[in-house]
Protein chains: 2
Amino acid sequence: MTEASALTRNQSLVHNTLRAAEGPLSAYTILDRLRDDGFRAPLQVYRALDKLTSLGLVHRLESLNAFVACAGEHRHGENELIAFAICERCGQVEEFADAIVCERLESWAGDNAFDADKTTIEIRGKCAVCNMA
Amino acid sequence: MTEASALTRNQSLVHNTLRAAEGPLSAYTILDRLRDDGFRAPLQVYRALDKLTSLGLVHRLESLNAFVACAGEHRHGENELIAFAICERCGQVEEFADAIVCERLESWAGDNAFDADKTTIEIRGKCAVCNMA
DNA sequence: CAATTGAGCGTAATGTTATTACGTATTCAT
DNA sequence: ATGAATACGTAATAACATTACGCTCAATTG
């Protein structure tokens with residue numbers, strides 16, 4: 001079994017909602033989609049999201065105040081540096097990692113004695129598909 | 001005269017508030033600091049911030065929902081890619097640019113036909129000074 | 001076994017951040 | 001002068017997030 005089996009009911013519901021979604025969802029959108037499953041309050045969602053992000057199953061998109069299920073099967077550790085390309089038009093999010101970017105940022109941190117905790121990289125723009133249209 | 005002279009009264013007030021601040025300020029904090037200057041509503045602040053960010057005089061920190069005056073005299077164009085290192089402890093923000101990071105992200109965008117509009121890079125952690133303490 | 005601890009849960013209230021809507025004023029090029 | 005663009009003031013509301021309180025359950029451990 002995957003680690004997902006360790007999730008609680010609420011956590012699974014939130015995780016599945018995000019995985020079923022086409023794109024990022026806000027916490028309140030998730031809440032609305034889970035009303036029928038007994039969700040009543042924002043905190044139920046935020047608590048699940050906290051856990052899921054700490055497990056690396058979900059990412060928070062800071063520039064959107066929204067959340068996405070981590071792409072692919074490869075669950076990232078909490079520390080892996082992932083960049084996001086967010087299409088302003090269709091809402092699709094592409095996730096990618098770049099070793100050199102990662103290295104450069106770590107290098108800056110090293111040079112400046114900055115103890116990095118969490119790094120956010122988000123590119124807003126138009127995806128290939130929408131670029132054509 | 002600098003371009004700053006082209007700013008309206010409200011825009012200057014907001015800009016000066018940010019420049020006088022030790023670190024990033026939320027829109028509502030700015031509002032509070034400008035009550036005596038006649039500010040009454042959030043929109044007055046948000047409108048000024050919109051203008052200032054489009055001029056490259058102010059940056060929005062997405063992971064903080066807050067704003068900082070652009071460091072140094074070198075006003076960045078709206079397009080220049082700047083990274084921010086944000087100390088969770090003292091609130092100080094360091095601003096830096098890295099050509100290679102920039103190049104790698106542009107390269108990813110090129111390869112994926114993604115038309116990048118605005119890119120955010122924010123590192124949260126502890127700064128050199130706080131690291132010692 | 002009982003006591004303690006830690007994670008999770010439910011609910012209510014509140015706090016914080018941002019926008020919409022509407023009308024007015026000023027500036028500037030035509 | 002007139003129309004377009006930009007900025008302004010105010011009120012209301014929407015959207016996002018947290019604090020506080022008390023309860024349950026399971027695992028640990030003394």
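In the text below, chain A, chain B and the rest are named by the order of the sequence lines, each starting its count at 1. Predicted model, so just to flag it, every value in this text is computed and none were measured.
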Asks: Looking at B:K51, does any N or O in its side chain come under 4.0 Å of the phosphate oxygens OP1/OP2 on D:dA7?
Replies: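 Answer yes for this pair, as a side-chain N or O of B:K51 is under 4.0 Å from OP1 or OP2.
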
Asks: Please state how far atom CD in B:Q11 lies from atom C1' in D:dT6, giving the value in whole angstrom units.
Replies: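 After rounding, the reported distance stands at 9 Å.
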
Asks: Could you tell me whether a side-chain N or O of A:E94 sits under 3.5 Å from a main-chain N or O of A:C87, the two making a donor and an acceptor?
Replies: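 No; judged by distance alone, with no hydrogens or angles, the pair does not exist.
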
Asks: Answer yes or no: is there an ion pair linking A:D98 with B:R104, defined by an N-O contact shorter than 4.0 Å?
Replies: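 Looking at B:R104 together with A:D98, the answer is yes, because their closest N to O distance falls below 4.0 Å.
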
Asks: Got a donor-acceptor contact below 3.5 angstrom from the A:T17 side chain to the A:L13 backbone?
Replies: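 Yes; at least one donor-acceptor contact below 3.5 Å.
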
Asks: Between atom CZ in B:R9 and atom C1' in D:dT6, what is the gap in whole Å?
Replies: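 Checked: the CZ to C1' distance equals 18 Å.
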
Asks: Specify the separation, in whole Å, of atom CG of A:D37 and atom C1' of C:dC9.
Replies: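 Between C1' of C:dC9 and CG of A:D37: 16 Å.
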
Asks: For C:dC9, take OP1 and OP2 only and decide whether either is under 4.0 Å from a side-chain N or O of A:T8.
Replies: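 So the side chain of A:T8 is within the cut-off, an N or O lying under 4.0 Å from OP1 or OP2 of C:dC9.
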
Asks: To the nearest angstrom, how far is A:L13 atom CG from C:dG8 atom P?
Replies: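 Result: 15 Å.
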
Asks: Tell me the interatomic distance from B:L61, atom CG, to C:dA18, atom C1', rounded to whole angstroms.
Replies: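 B:L61 atom CG is separated from C:dA18 atom C1' by 17 Å.
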
Asks: Kindly say whether B:A85 contributes a backbone atom to a donor-acceptor pair with the side chain of B:R124 at under 3.5 angstrom?
Replies: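 It does not hold such a pair.
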
Asks: Between B:E122 and B:S63, do the side chains contain an N or O donor and an N or O acceptor separated by less than 3.5 Å?
Replies: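 Judged by distance alone, the side chains do pair up.
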
Asks: What string of B, S and - do you get for nucleotides 10-28 of chain D 5' to 3' if you count protein non-hydrogen atoms under 4.0 Å?
Replies: B-----BBBBB--------

Asks: Go through the side-chain N and O atoms of B:R89 and B:N131 and say whether any donor and acceptor fall under 3.5 Å apart.
Replies: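 No - no donor-acceptor pair under 3.5 Å links their side chains.
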
